[in-house]
Amino acid sequence: DQFDNLGGFLSHNGFQKIVSQRDYPRDQVINTFGVPDGVMFDQALPYLNQLHQSGQPFLAVLLTDSDHSPYTIPEHPEFKPHSDDKPKQATEYADWAIGRFMRQAAREAWFENTVFLFTADHGQYSPSPYDISLGFHHIPLIIYPQDKCAIPDPDALGCQVDILPTLMGILRIPYRHNTMGYDLTREKRSMVIFNDDDKLSCLNDSLLWLSRKNHAQSLYRYRKGNLSREDSLSREDTLSREDTLSRGSHLAGELALVRGDKDTMTIGAGHSDIIAVYPTETAAMSDYARAQLQTVQWLINQRKVYVELIP
């Protein structure tokens with residue numbers, strides 16, 4: 001609970017009990033992040049049963065870290081990795097531990113009346129032609145059981161601040177909130193913003209906008225999508241050929257990879273800066289990102305961020 005002042009953050013935001021490294025036997029703490037996922041899940045089940053016995057709805061958050069470096073693969077008679085690669089073994093172990101926990105939880109009385117949500121703080125870093133790694137900022141949002149929940153469109157844009165309103169929408173619990181999150185079961189985002197150290201980014205269904213510390217801006221097409229100009233691709237081809245001639249690069253060939261038939265994310269494919277082609281889109285994404293930051297800062301300064309249940 002000392003990492004990133006996590007304990008203080010959780011306590012300040014209403015969590016009533018925090019189970020941390022100090023609550024486990026010392027011999028089960030195997031690396032700097034604490035205990036393996038399987039050990040944590042084993043200890044979580046009695047706590048969850050106690051919460052259920054109180055007769056009140058409960059929220060429990062379990063933080064896994066076994067697939068985070070430094071990788072320490074615990075020994076367990078039921079776990080046999082298939083890979084010889086240690087990072088892949090760590091992923092196999094994390095997957096096995098979650099599956100084992102879900103099978104154990106399925107035997108508990110509270111299971112059928114519980115929504116499970118799986119997400120992450122960040123994704124896997126991957127080399128990128130942009131100033132940021134889109135893979136590092138791409139995270140899962142898995143909701144179980146799907147047959148009993150209103151599930152957001154899997155192709156829709158979303159971000160971490162949307163998790164709370166989306167979960168409340170799934171649970172159909174009346175509440176008020178003054179945050180920047182969307183209920184993705186009912187609302188659709190046109191853009192999302194995120195930062196990477198000293199860079200501010202905005203993403204829509206096809207474009208990535210970047211603003212750097214020196215105020216330099218760029219716009220990239222990271223996937224095929226619908227844009228306002230019918231001749232957008234020919235305009236980008238023209239820009240790319242000019243850029244190729246002036247810099248002696250192969251951007252025209254790389255940009256062509258974006259123009260496939262499938263509307264799928266093609267990270268690293270189109271990294272020509274096309275900001276000159278789309279001034280309207282650039283202005284819209286820049287205004288959106290800066291307005292979001294200004295609004296959040298005002299809400300924090302005025303102490304107006306809140307979430308409350310409606311009786």
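By convention here, the first residue in the shown sequence is residue 1. All figures in this text were calculated on a predicted structure; none of them were measured in a lab.
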Chemist: Just by modelled atom types, is the Tyr130 backbone N or O under 3.5 Å from a matching donor or acceptor in the Ser128 side chain?
Modeler: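 Here the side-chain-to-backbone pair exists.
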Chemist: What's the separation between atom OG in Ser201 and atom CD1 in Ile132, rounded to the nearest 0.5 Å?
Modeler: 3.5 Å
Chemist: Same cluster for Leu299 and Val161 if Ile/Leu/Val/Met/Phe/Trp/Tyr side chains link at under 4.5 Å?
Modeler: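 No; Val161 is not reachable from Leu299 via cluster members.
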Chemist: Please examine the side chains of Val277 and Leu219, heavy atoms only from C-beta on, and report whether any two atoms are closer than 4.5 Å.
Modeler: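 Answer no - side chains too far apart.
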Chemist: Might you point out which heavy atoms bring Gly158 and Arg189 nearest each other, and give the distance in Å?
Modeler: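 Heavy-atom minimum between the residues: CA-CD, 4.2 Å.
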Chemist: Can you tell me if Gln28 uses its side chain to pair, donor with acceptor, with the backbone of Tyr24 under 3.5 Å?
Modeler: no
Chemist: Within the 4.5 Å heavy-atom criterion, are Pro152 and Thr166 side-chain neighbours or not?
Modeler: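 Touching, per the 4.5 Å side-chain cut-off.
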Chemist: Look at atom CD of Glu75 and say whether more than 12 heavy atoms of other residues, nucleotides or ligands are closer to it than 6.0 Å.
Modeler: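 It does not: Glu75 CD has 12 such atoms or fewer within range.
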Chemist: If you count the non-hydrogen atoms of other residues, nucleotides and ligands that lie under 6.0 Å from CZ in Arg290, is the total more than 12?
Modeler: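 Correct, the count exceeds 12.
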Chemist: Does the Ser54 side chain pair with the main chain of Leu51, one donor and one acceptor, at a distance under 3.5 Å?
Modeler: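 Pair found, side chain donor or acceptor close to backbone of Leu51.
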Chemist: Counting C-beta onward and ignoring hydrogens, is there a side-chain heavy-atom pair between Ile173 and Leu309 closer than 4.5 Å?
Modeler: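 Yes, at least one pair of side-chain atoms sits under 4.5 Å.
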Chemist: Are Val192 and Tyr220 linked, directly or through other ILVMFWY residues, by side chains that come within less than 4.5 angstrom of each other?
Modeler: yes
Chemist: When rounded to the nearest 0.5 angstrom, what is the spacing between CD in Gln21 and CE in Met40?
Modeler: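 It comes to 13.5 Å.
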Chemist: Using every non-hydrogen atom in the two residues, find where Leu207 and Arg221 come nearest and quote the distance to one decimal.
Modeler: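 The pair with the smallest heavy-atom distance is CD2-CA, 3.9 Å.
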Chemist: For the residue pair Phe118 and Phe116, does the interplanar ring angle fall in the parallel (under 30°), tilted (30 to 60°) or perpendicular (over 60°) class?
Modeler: parallel
Chemist: When you look at CD of Glu308, are more than 12 heavy atoms from neighbouring residues, nucleotides or ligands closer to it than 6.0 Å?
Modeler: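 Yes, the 6.0 Å shell around CD holds more than 12 heavy atoms from other groups.
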Chemist: State, with a plain yes or no, whether a side-chain heavy atom of Gln292 is found less than 4.5 Å away from one of Met180.
Modeler: yes
Chemist: Are the side chain of Thr119 and the backbone of Pro140 linked by a donor-acceptor contact shorter than 3.5 Å?
Modeler: yes
Chemist: Asp273 vs Ser218, test: side-chain contact (heavy atoms from CB on, under 4.5 Å). Steps then yes/no.
Modeler: CA-CA 6 Å; Asp273 189 341; Ser218 294; 2.8 Å; yes
Chemist: Tell me if a side-chain donor or acceptor on Asp162 pairs with a main-chain N or O of Pro165 at a distance below 3.5 Å.
Modeler: no
Chemist: Report the C-alpha separation of Ser83 and Asp85 in whole Å, then their side-chain angles, then the decisive distance to 0.1 Å, and conclude whether the side-chain hydrogen bond (donor to acceptor under 3.5 Å, both in side chains) test is met.
Modeler: CA-CA 5 Å; Ser83 175; Asp85 180 69; 5.0 Å; no
Chemist: Start with the C-alpha gap between Gln297 and Asn301, add the side-chain angles, then the distance that decides, and say whether side-chain hydrogen bond (donor to acceptor under 3.5 Å, both in side chains) holds.
Modeler: CA-CA 6 Å; Gln297 191 61 62; Asn301 291 343; 3.0 Å; yes
Chemist: What distance do Thr114 atom OG1 and Leu48 atom CG have between them, rounded to the nearest 0.5 Å?
Modeler: 8.5 Å
Chemist: State, yes or no, whether a side-chain contact exists between Leu117 and Ile142 at a heavy-atom distance under 4.5 Å.
Modeler: no
Chemist: What is the minimum heavy-atom distance between Ile300 and Val305, and which atoms define it?
Modeler: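 Where Ile300 meets Val305 most closely, the heavy atoms are N-CG2, 4.3 Å.
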Chemist: Under 4.5 Å between side-chain heavy atoms, hopping through other hydrophobics if needed: is there a path connecting Leu63 to Val19?
Modeler: no
Chemist: Roughly how far, to the nearest 0.5 Å, is the OH atom of Tyr71 from the CG atom of Asp65?
Modeler: 11.5 Å
Chemist: Between Thr91 and Asp67, do the side chains contain an N or O donor and an N or O acceptor separated by less than 3.5 Å?
Modeler: no
Chemist: Considering residues, nucleotides and ligands other than Glu108, do more than 12 of their heavy atoms fall under 6.0 Å from its CD?
Modeler: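 Atom CD in Glu108 is packed in, count exceeds 12.
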Chemist: For Tyr222 and Leu134: C-alpha separation, side-chain torsions, deciding distance, then whether side-chain contact (heavy atoms from CB on, under 4.5 Å) applies.
Modeler: CA-CA 9 Å; Tyr222 73 93; Leu134 287 183; 3.9 Å; yes
Chemist: Please determine which of Tyr47, Phe101, Trp96 meets the ring pair (Phe, Tyr, Trp, His ring centres under 6.0 Å) test together with Phe41.
Modeler: Phe101
Chemist: Ignoring hydrogens and angles, tell me if any N or O in the side chain of Thr185 forms a donor-acceptor pair with the backbone of Ala150 under 3.5 Å.
Modeler: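 No; judged by distance alone, with no hydrogens or angles, the pair does not exist.
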Chemist: Output the distance between atom OG (Ser286) and atom CH2 (Trp209), rounded to the nearest 0.5 Å.
Modeler: 4.0 Å
Chemist: Does Arg100 come within less than 4.0 Å of Asp42, counting only side-chain N to carboxylate O?
Modeler: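 A salt bridge is present here (some side-chain N lies under 4.0 Å from a carboxylate O).
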Chemist: Verify the cluster assignment for Leu62 and Tyr144: are they in a single hydrophobic cluster under the rule of side-chain heavy atoms below 4.5 Å apart?
Modeler: yes
Chemist: Indicate, with yes or no, if the rings of His68 and Phe33 have centres closer together than 6.0 Å.
Modeler: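 Yes: the rings meet the under 6.0 Å criterion.
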Chemist: Report the distance from atom CE of Met285 to atom OG of Ser190, rounding to the nearest 0.5 Å.
Modeler: 9.0 Å
Chemist: Going by heavy atoms in the side chains, are Leu200 and Leu293 under 4.5 Å from each other?
Modeler: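 When only atoms from C-beta onward are counted, Leu293 and Leu200 do touch, with a gap below 4.5 Å.
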Chemist: Check the pair Arg212 / Asp131 against salt bridge (charged side-chain N to carboxylate O under 4.0 Å, His left out), numbers first and verdict last.
Modeler: CA-CA 9 Å; Arg212 302 168 184 85; Asp131 295 29; 2.4 Å; yes
Chemist: Do you know the tightest heavy-atom contact between Lys188 and Tyr182?
Modeler: O-CE2, 3.9 Å
Chemist: Are any side-chain N or O atoms of Asn13 and backbone N or O atoms of Phe9, one a donor and one an acceptor, separated by less than 3.5 Å?
Modeler: yes
Chemist: Taking everything shown except Gln16 itself, do over 12 heavy atoms lie less than 6.0 Å from its CD?
Modeler: no
Chemist: Indicate if Ile18 and Val61 have the same hydrophobic cluster label, given that clusters are the connected sets of ILVMFWY residues with side-chain heavy-atom separations under 4.5 angstrom.
Modeler: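 Result: yes, single cluster for both.
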Chemist: When you measure from the side chain of Tyr93 to the backbone N and O of Gly38, does any donor-acceptor pair fall under 3.5 Å?
Modeler: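 Side chain of Tyr93 to backbone of Gly38: a pair is present.
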Chemist: Grab the two heavy atoms, one from Leu45 and one from Gln104, that are nearest each other, plus how far apart they are.
Modeler: CD1-OE1, 3.4 Å
Chemist: Using the ring centroid of each side chain, check whether Phe136 and Phe194 are separated by less than 6.0 Å.
Modeler: no
Chemist: Verify side-chain hydrogen bond (donor to acceptor under 3.5 Å, both in side chains) between Asn49 and Trp110, making sure each step is shown before the conclusion.
Modeler: CA-CA 8 Å; Asn49 288 332; Trp110 44 266; 2.7 Å; yes
Chemist: Run the side-chain hydrogen bond (donor to acceptor under 3.5 Å, both in side chains) test on Glu92 and His82 for me, step by step, so that the C-alpha distance in whole Å, both residues' side-chain angles and the decisive distance to 0.1 Å come before the verdict.
Modeler: CA-CA 8 Å; Glu92 285 187 65; His82 297 89; 3.1 Å; yes
Chemist: Between Val115 and Leu171, what is the shortest heavy-atom contact and its length?
Modeler: CG2-CD2, 3.7 Å
Chemist: Quick one: do His52 and Asn113 satisfy side-chain contact (heavy atoms from CB on, under 4.5 Å)? Show the steps, please.
Modeler: CA-CA 10 Å; His52 171 68; Asn113 199 35; over 6 Å; no
Chemist: Report yes or no: does Ser66 contribute a side-chain atom to a donor-acceptor pair with the main-chain N or O of Asp37 at less than 3.5 Å?
Modeler: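 Here the side-chain-to-backbone pair exists.
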Chemist: When you compare the side chain of Arg176 with that of Val307, does any pair of heavy atoms fall below 4.5 Å?
Modeler: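 When only atoms from C-beta onward are counted, Arg176 and Val307 do not touch, as no gap falls below 4.5 Å.
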Chemist: Measure the shortest side-chain to side-chain distance between Gln217 and Leu210 over non-hydrogen atoms and say whether it is less than 4.5 angstrom.
Modeler: no
Chemist: Return yes if some donor-acceptor pair links the side-chain N/O of Asp287 with the main-chain N/O of Ala284 below 3.5 Å, else return no.
Modeler: no
